[in-house]
Amino acid sequence: MYKELIDRLERQQALSFEEYLTLIKNREEVRGYAAERAFAVRQKHYGNAVFIRGLIEISSYCKNDCYYCGLRASNKNAQRYRLTAEEIITCAENGYALGFRTFVLQGGEDGYYTDELLCGVIREIKARFPDCAVTLSLGERSTESYRLLKEAGADRYLLRHETANEAHYRRLHPPALSYENRQRCINDLKALGYQVGVGFMVGSPFQTDEDLANELLYLKKIQPQMVGIGPFIPHGDTPFKDFESGSAELTVFLLSLIRLTLPRVLLPATTALGTVDPIGREKGIMAGANVLMPNLSPAGVRKKYMIYDNKICTGDEAAQCIECLKGRVAKTGCEIVTDKGDYRNEL
């Protein structure tokens with residue numbers, strides 16, 4: 001029965017809430033088969049290619065106070081920094097030499113980074129490296145801001161929706177943040193022509209199996225080009241410090257279901273997955289993921305961008321160890337490629 005549900009997904013036949021829930025609750029019975037089919041679907045659309053994105057963490061300042069994040073505004077122990085425009089461009093230069101063709105500018109919601117400043121950085125990166133994509137992951141901004149950044153040359157935007165359950169959203173965020181505005185941002189980004197990435201934490205506080213089934217229905221509905229999921233990992237300076245980490249096993253299974261639900265999606269094996277399980281990213285690739293995001297940030301700031309405890313900051317996560325990462329990926333039967341790694345629309 002469970003294999004039949006996986007086969008239906010592979011044939012692009014929609015599953016109901018109850019059917020997704022059945023798979024999640026009985027994943028022990030079907031986990032291996034789901035990974036096998038998801039791997040095959042990924043091969044069909046992207047071959048053995050694993051795309052790398054150079055992550056540049058531009059700021060650890062954030063105006064928000066999300067209950068799960070170590071960068072939350074009220075965390076007095078957080079180490080704060082900002083990269084200058086020149087430092088960001090230098091990171092991109094270094095990454096280009098290493099073979100990166102996508103740069104991801106990520107940071108807290110920091111008012112220092114005005115539209116004018118960001119547009120200048122984007123234009124400079126695109127002028128120097130016209131064969132590269134620029135992805136932004138800078139949180140909620142106005143419709144006009146998103147429009148200006150797109151006109152400056154930004155190609156993609158990552159904005160995790162965090163949860164498709166509005167009541168759950170309120171339990172993860174302070175009252176100043178709203179589910180409605182997060183959805184407004186995602187809709188704006190889609191309307192402006194960005195390649196849009198969404199995502200959620202697996203095992204976040206108060207999350208249920210029913211929530212996870214709804215996540216899959218939400219993803220099917222909005223058809224994002226990218227989906228970033230990883231296990232929840234607590235940070236000791238947040239209200240959620242005593243909650244348990246999310247499961248790597250469940251995360252990997254959900255990667256398979258997402259690949260089968262959205263066959264051409266760009267799907268990272270995230271740093272959080274590699275933090276919870278030393279070979280979590282390899283397991284993710286074997287289950288259908290096709291993106292890795294090594295860190296291009298200056299070595300001196302990597303440990304300051306601490307959104308959760310024990311985050312990988314050195315070794316294979318450092319972009320300079322790209323050869324190590326290539327070796328690890330090769331063991332999965334895949335290979336890291338020098339490519340922008342665009343979303344592939346159906347021919």
dist Glu124:CD -> Ile88:CD1 (nearest 0.5 Å) comes out at 12.0 Å
Q. Checking salt bridge (Lys or Arg N to Asp or Glu O under 4.0 Å) for the pair Lys76/Asp237: CA distance, chi angles, key distance, verdict?
A. CA-CA 9 Å; Lys76 304 306 180 188; Asp237 293 315; over 6 Å; no
Could you go step by step and tell me if Thr208 and Asp211 meet the side chain to side chain donor-acceptor pair (under 3.5 Å) rule? CA-CA 5 Å; Thr208 65; Asp211 288 329; 3.3 Å; yes
dist Asn214:CG -> Gln207:CD (nearest 0.5 Å) comes out at 11.0 Å
Worksheet item: Taking atom CD of Glu244 as the centre, does the number of heavy atoms from other residues, nucleotides or ligands within less than 6.0 Å exceed 12?
Response: no
query: Just wondering, are more than 12 heavy atoms of other shown residues or ligands nearer than 6.0 Å to CD in Glu116?
result: no
Check your understanding: Side-chain heavy atoms under 4.5 angstrom apart, residues restricted to Ile, Leu, Val, Met, Phe, Trp, Tyr: same cluster for Phe232 and Leu216?
Key -> no
Within the side chain of Asn26, is there an N or O that forms a donor-acceptor pair under 3.5 Å with the backbone of Thr22?
yes
Would Asp65 and Arg72 satisfy salt bridge (Lys or Arg N to Asp or Glu O under 4.0 Å), going step by step from the backbone distance to the final call? CA-CA 4 Å; Asp65 218 22; Arg72 63 197 312 261; 3.4 Å; yes
Rounded to the nearest 0.5 Å, the OG1 atom of Thr135 sits from the CD atom of Gln195 at a distance of 7.5 Å
Practice prompt. Take atom CZ of Arg171 as the centre, draw a 6.0 Å sphere, and report whether it contains more than 12 heavy atoms from other residues, nucleotides or ligands.
Written response: no
Is there a donor-acceptor contact under 3.5 Å from the side chain of Arg170 to the main chain of Pro175? no
Exercise. Passes side-chain contact (heavy atoms from CB on, under 4.5 Å), Met1 versus Glu29? Steps please.
Worked result: CA-CA 10 Å; Met1 171 191 172; Glu29 304 290 329; over 6 Å; no
Exercise. Hey, can you tell me if Phe129 and Tyr96 have their rings parallel, tilted or perpendicular (30° and 60° cut-offs)?
Key: parallel
Please tell me whether Thr270 and Arg281 have a donor and an acceptor in their side chains that are separated by less than 3.5 angstrom. no
Output for pair (Tyr112 OH, Leu83 CG), nearest 0.5 Å, gives 9.5 Å
Under a plain distance cut-off of 3.5 Å, with no hydrogens placed, do Asn295 and Ser297 share a side-chain donor-acceptor pair? yes
Does Arg42 make a cation-pi contact with Phe39, if we ask for NZ or CZ under 6.0 Å from the ring centre and within 45° of the axis?
-> yes
Practice task
State whether Tyr61 and Arg82 meet the cation-pi test: NZ (Lys) or CZ (Arg) under 6.0 Å from the six-membered ring centroid, and within 45° of the perpendicular axis.
Solution key: yes
Relative to each other, are the rings of His173 and Tyr169 parallel, tilted or perpendicular (30° and 60° limits)?
parallel
> Tyr68 and Tyr179: same hydrophobic cluster, using ILVMFWY side-chain contacts below 4.5 Å?
Replying inline: no
With Arg328 as partner, the option from Glu335, Glu323, Glu282 fulfilling salt bridge (Lys or Arg N to Asp or Glu O under 4.0 Å) is Glu282
Looking at Lys340 and Asp155, does any basic side-chain N land under 4.0 Å from a carboxylate oxygen?
no
Find out if a path of hydrophobic residues (ILVMFWY) with successive side-chain heavy-atom gaps under 4.5 Å connects Ile56 to Ile322.
yes
dist His168:NE2 -> Leu172:CG (nearest 0.5 Å) comes out at 4.0 Å
To the nearest 0.5 Å, atom CG of Leu219 lies from atom CZ of Phe200 at 6.0 Å
Could you check Tyr33 against Asp7 for side chain to side chain donor-acceptor pair (under 3.5 Å), going step by step and ending with a plain yes or no?
CA-CA 10 Å; Tyr33 185 68; Asp7 290 342; 2.5 Å; yes
Worksheet item: Are Leu266 and Val337 connected in the hydrophobic side-chain network, where two residues link if heavy atoms are under 4.5 Å apart?
Response: yes
**Message:** Please determine whether residues Phe206 and Ile233 belong to a single hydrophobic cluster, defined as Ile, Leu, Val, Met, Phe, Trp and Tyr linked transitively by side-chain heavy-atom distances below 4.5 Å.
**Reply:** no
- [ ] Apply the test salt bridge (Lys or Arg N to Asp or Glu O under 4.0 Å) to residues Asp131 and Arg101: give CA-CA distance (whole Å), side-chain angles for both, the deciding distance (0.1 Å), then the verdict.
- [x] CA-CA 7 Å; Asp131 56 335; Arg101 295 299 179 265; 3.5 Å; yes
- How about Phe51 and Phe100: are their ring centres within less than 6.0 Å of each other? no
Practice problem: Might you work through the salt bridge (Lys or Arg N to Asp or Glu O under 4.0 Å) test for Glu249 and Lys283, ending with a clear yes or no? | Solution: CA-CA 9 Å; Glu249 172 270 325; Lys283 290 178 180 177; over 6 Å; no
Check: Do the side-chain N and O atoms of Asp209 and Tyr20 include a donor-acceptor pair separated by under 3.5 angstrom?
Finding: no
